[in-house]
Structures are given as structure tokens and as C-alpha cells.
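Have a look at the structure below, then the notes.
Proteins come first, then strands; the chains are lettered A, B, ... in the order of their sequence lines, and each starts at number 1.
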There are 2 protein chains.
Amino acid sequence: MARPRKPLLSTDRIVTAASALVDAEGLAAVSTRRLAAELGVSGPSLYNHFRTKDEILEAVADATSAQVDLSMFDPDDDRDWRTSLHDWALAYRAVLTRHPHIVPVLAQGPGRRPAGLRLADAVFGAMVAAGWPPAQATRIGALMRYFIMGSALGSFARGFVDDEAAYDPADYPHLGQAHLLAERQEEIDEGAFETGLRALLDGLSIQYATLGD
Amino acid sequence: MARPRKPLLSTDRIVTAASALVDAEGLAAVSTRRLAAELGVSGPSLYNHFRTKDEILEAVADATSAQVDLSMFDPDDDRDWRTSLHDWALAYRAVLTRHPHIVPVLAQGPGRRPAGLRLADAVFGAMVAAGWPPAQATRIGALMRYFIMGSALGSFARGFVDDEAAYDPADYPHLGQAHLLAERQEEIDEGAFETGLRALLDGLSIQYATLGD
DNA sequence: ACCTGAACACCGTTCAAGT
DNA sequence: ACCTGAACACCGTTCAAGT
């Protein structure tokens with residue numbers, strides 16, 4: 001075949017196919033040969049469009065970041081900092097819940113990824129505009145990322161096996177119900193996220209109230 | 001050589017070597033061949049002691065969990081729930097900071113790992129003993145894990161590249177100082193963790209105060 | 001410029017063979 | 001029981017060759 005008159009691949013097509021593969025089968029399923037097969041080309045062809053497989057995954061991660069709504073941080077949006085942060089956290093979590101397998105890549109931080117940087121820029125800018133000192137605004141950006149990424153990296157409920165025999169009462173006297181967690185996964189992880197988010201925002205509000213002192 | 005009169009390997013020796021390799025060079029450096037070479041044997045020898053490479057990494061993860069002090073949750077320890085949770089969070093983070101590369105494995109939850117289950121049991125048991133309803137105690141265990149794992153999974157500060165040119169003010173108007181984050185990594189991540197932890201505990205204290213209502 | 005097959009240096013795991 | 005080398009079906013990446 002050699003070179004076709006019209007290119008078979010494009011960075012967009014590759015990222016779309018890689019995203020679908022990551023969502024469907026996880027990071028481990030993405031090999032250059034498998035991804036190329038999915039696109040109807042041979043493995044090495046990908047290297048005409050990306051320098052490494054890692055760059056492809058970075059692009060998938062950035063495409064995911066780009067789906068997170070940031071309009072709550074617009075200067076002319078009239079939500080206060082607390083409400084903005086709350087709405088953004090829910091929007092961010094919703095995107096990550098739809099694409100859990102890419103979270104380990106996203107959790108490494110924005111690096112040079114444009115959508116990741118836009119997100120960090122929006123949060124930091126909005127906190128400073130709301131009156132938080134820059135050092136505190138940085139901390140807020142960091143601690144929100146800890147909490148959101150941590151909640152998306154692995155389900156708490158699914159972290160416990162669905163097998164009553166795994167929880168010997170002699171060893172784990174308080175885990176008698178732990179085998180039931182998995183089947184109520186969504187409810188438990190969502191409830192914990194909401195409880196944690198409220199606690200975080202309540203706590204930050206206390207600190208905000210003492211800013212002038 | 002074939003079988004020596006005294007076994008060359010043991011599960012302990014393998015886990016110790018694997019932990020050292022993970023700490024020194026990261027998860028990606030752990031291949032069965034490399035690990036075996038480190039132990040002076042050939043690759044397939046490991047399969048006499050573990051069924052898969054994954055089981056080896058699970059054992060490394062559990063050995064890490066086992067390092068986390070849980071004495072603050074002892075029934076006869078006189079710390080209140082808030083202080084216990086605070087002290088435990090610091091102890092947990094300290095361990096993870098020393099072994100960051102294994103965090104992705106730990107973040108998948110305890111599964112069947114004994115030290116992971118003991119940890120979950122201790123937190124849950126102490127919260128119930130302190131008067132939290134079981135459903136709330138579960139949420140606390142989950143949200144604390146989100147926050148602690150998220151903070152350990154990737155440094156916030158090192159998530160930003162150390163290159164002023166990466167932050168075009170036209171694109172990211174508020175990130176003019178972001179290139180300085182990396183060089184103050186420890187201070188920033190620790191400060192964010194402490195701020196977030198205090199906010200979380202302050203927020204939970206508010207909810208605790210309304211429990212009777 | 002953009003695709004191909006062949007090749008290199010790796011993987012995890014299985015298995016028969018050795019003691 | 002516990003080690004070995006050979007083998008299988010994979011990897012990511014490079015490169016010369018094709019149009």
C-alpha cells in the first residue's frame with residue numbers, strides 16, 4: 001500500500017479511537033498494535049502522528065479535561081466562590097466517572113496539556129478574584145484536586161470484595177457488612193463524595209471568614 | 001543448578017526486593033526478569049512463590065499498608081474521633097510519601113489484603129464507637145481515602161512544568177507564577193494537605209454536632 | 001509525507017527437564 | 001519442592017523501502 005493519496009490517519013482519529021479503547025477496556029488494552037488494528041493500519045503508522053504511545057495517552061487525558069465545564073468561574077457569572085467550587089467539583093467528578101481508566105494519567109497534573117492548564121487557571125483565578133490570597137488559592141486548587149482525583153481513581157465501595165468469607169470477624173470485627181458495599185457502589189461513592197465536598201467547603205468557609213483578621 | 005538444597009527464594013525476600021525496586025525506579029521498572037535478576041535467579045523462578053506478577057505487587061502494597069500506625073484508634077486510646085482521624089491521616093500520608101510509586105495499587109482499595117482490611121476495620125470501628133451512625137462512618141472512611149490517596153498519587157506542585165515559557169499569559173492569565181511551584185513542591189503539597197485536612201475535619205465536626213437532631 | 005514489513009530488545013507466563 | 005532454559009504470544013520503537 002505505502003502512502004495513500006489521502007492520509008488514513010489524523011491525530012484526531014487516533015485520539016478518538018484511543019479514548020474509546022481506554023473507556024471500553026482500560027489502559028492495559030491500549031497497545032500500539034491493537035490501537036492501530038482498530039484504525040485499520042499497522043502499528044508503526046502511529047509514529048507518523050505521535051512521537052510515543054505516552055503522547056497519545058496524554059492527548060486522551062487532555063481531551064477528557066476539555067469536557068469539564070468551567071463556566072462557573074467566568075468573571076460575569078454571579079456564583080460565589082463556594083458555589084463555583086461546588087458546581088465545578090460535581091462537573092469534574094461526573095466527567096471522570098464516565099472515563100475512570102484515564103484518571104491515573106490525569107492525576108499526574110496538567111503538565112503541558114492545554115485543557116489541564118485552562119482548568120487550573122480558571123480555579124486559581126476565580127479564588128483570587130473572590131479574595132483568597134494567592135498562596136491560599138494555590139492550596140485550594142491542590143486540595144480540591146486531591147479529593148476529586150482520589151474519588152475517581154478507584155471506587156471506595158468496589159475496593160472491598162463481594163465475598164462474605166473474606167471478612168473473618170476474628171480479624172476484622174467491624175467489617176461484617178463490608179461484603180455488601182460493592183452492590184451499593186454508586187450510592188456509597190456518591191454519598192461519600194457529597195459528604196466530603198460539603199465538609200471541605202464548610203471548612204474552607206470558616207477559614208475564609210477569618211481572612212481579614 | 002536446578003533445585004538447591006536450601007531454597008534461594010522466599011515470599012519475603014521477593015517482596016523486599018520488589019519494594020526496593022518499586023521505590024527506587026517505579027512500577028514500570030518491575031519486570032519479572034529484572035526482579036529475578038536482582039535476586040540472583042531466573043525469571044520463571046518467581047512463579048514457584050507467587051501465581052502472577054500482580055500478586056507480587058499486591059504483597060508490596062500490603063507491606064506498605066502495614067507500616068501505617070493505627071494505635072490512635074485503639075479503644076483505650078483517649079483521643080477523640082477528630083484527633084484520631086487527624087493523626088492517622090498524617091501517619092498514612094507520611095508512609096505514602098515515602099513509597100509514592102505503589103500508591104496506584106493501594107488506591108484500588110483493600111481487596112483481600114490483610115493490612116488494608118485491618119486499616120479499614122480500625123477507622124470504621126473507631127468512628128462507630130465515637131457515635132457516628134454506620135452509614136456516616138462508611139462515608140468518612142471513603143472520603144478520607146479519597147483525600148489521602150489523591151494527595152499521594154501525584155504531587156500537585158510537580159504537576160506543573162518548571163518552564164516559564166509553558167504558561168503563555170494570553171492563554172493562562174493567572175498562571176504567571178506556576179513555573180515556581182515545582183521548586184517549592186514539598187512546602188506546597190504539605191500545606192495543601194494540612195489545609196484540606198483541617199477543612200475536612202472542621203466540616204465533619206459541624207455534621208457531628210447536628211447528629212442528635 | 002505517510003504508510004509498510006522486518007527487526008530489535010524487551011515483556012508475562014507455561015512447561016518439560018533437572019535434582 | 002524449587003530451580004533452569006526454551007518457548008509462546010505478546011510489547012514499544014526504529015528504520016529502510018515504497019509511493
Side-chain angles (χ1 to χ4, degrees), chain A residues 1-62 101-102 104-105 108 111-113, chain B residues 1-62 101-102 104-105 108 111-113:
Chain A
M1 178 184 300
R3 172 159 105 99
R5 29 183 75 238
K6 197 148 183 302
L8 295 173
L9 294 178
S10 65
T11 60
D12 266 12
R13 272 199 76 214
I14 294 171
V15 172
T16 302
S19 299
L21 192 50
V22 168
D23 285 345
E25 306 188 32
L27 276 181
V30 183
S31 75
T32 53
R33 284 168 175 86
R34 171 76 192 278
L35 175 57
E38 219 71 51
L39 288 158
V41 297
S42 81
S45 305
L46 300 170
Y47 290 84
N48 288 297
H49 303 269
F50 288 92
R51 272 203 305 266
T52 62
K53 175 186 157 180
D54 236 59
E55 268 190 14
I56 298 176
L57 293 177
E58 291 281 310
V60 170
D62 210 41
H101 296 123
I102 199 66
V105 180
Q108 295 312 307
R112 297 181 179 274
R113 291 184 280 100
Chain B
M1 176 183 302
R3 173 160 105 95
R5 28 183 76 234
K6 199 152 183 300
L8 296 172
L9 293 178
S10 65
T11 60
D12 266 12
R13 273 200 75 214
I14 294 171
V15 172
T16 302
S19 298
L21 191 51
V22 168
D23 284 346
E25 307 190 31
L27 276 181
V30 183
S31 75
T32 54
R33 284 169 177 85
R34 172 74 193 279
L35 176 56
E38 218 73 49
L39 288 158
V41 298
S42 82
S45 304
L46 300 171
Y47 290 84
N48 287 296
H49 303 269
F50 287 94
R51 273 205 304 268
T52 61
K53 175 186 157 180
D54 236 60
E55 268 190 14
I56 299 177
L57 293 177
E58 291 281 310
V60 171
D62 210 42
H101 295 123
I102 200 66
V105 180
Q108 296 310 307
R112 296 180 180 274
R113 292 185 279 99

Rounded to the nearest angstrom, tell me the gap between atom NE2 in B:His49 and atom C1' in D:dT4. 13 Å
Candidates D:dC15, D:dG12, D:dC3 - which lies nearest the side chain of A:Pro44: D:dC15
Options C:dT13, D:dC3, C:dT4, nucleotide nearest the side-chain atoms of A:Val41: C:dT4
Can you tell me if A:Thr52 touches the phosphate of D:dG12, counting only side-chain N or O atoms and a distance under 4.0 Å to OP1 or OP2? no
Does D:dC8 have a Watson-Crick or wobble mate here (both distances under 3.5 Å), and if so which one? C:dG12
Considering only side-chain heavy atoms of B:Lys53, which listed nucleotide, D:dT14, C:dC2, C:dG12, is closest? C:dG12
Pairing check on C:dC2: which nucleotide meets the Watson-Crick or G-U wobble criteria with it, both distances under 3.5 Å? D:dG18
At what distance, to the nearest 0.5 angstrom, does CG of A:Leu8 lie from OG of A:Ser42? 10.0 Å
Of the listed nucleotides (C:dC11, C:dC3, D:dT13), which one gets closest to any side-chain atom of A:Thr32? D:dT13
Would you mind telling me which of C:dC3, D:dC2, C:dG12 lies closest to the side-chain atoms of B:Ser31? C:dG12
Which nucleotide in the list D:dG12, C:dG5, D:dG5 gets nearest to the side chain of A:Ser42? C:dG5
What nucleic acid atoms does A:Arg5 come within less than 4.0 Å of, heavy atoms only: base, sugar-phosphate, or nothing? nothing
Selection from C:dT13, C:dC2, D:dC3 that lies nearest to any side-chain heavy atom of B:Pro7: D:dC3
Mind calculating the distance between CG (B:Leu46) and P (D:dA1) to the nearest angstrom? 19 Å
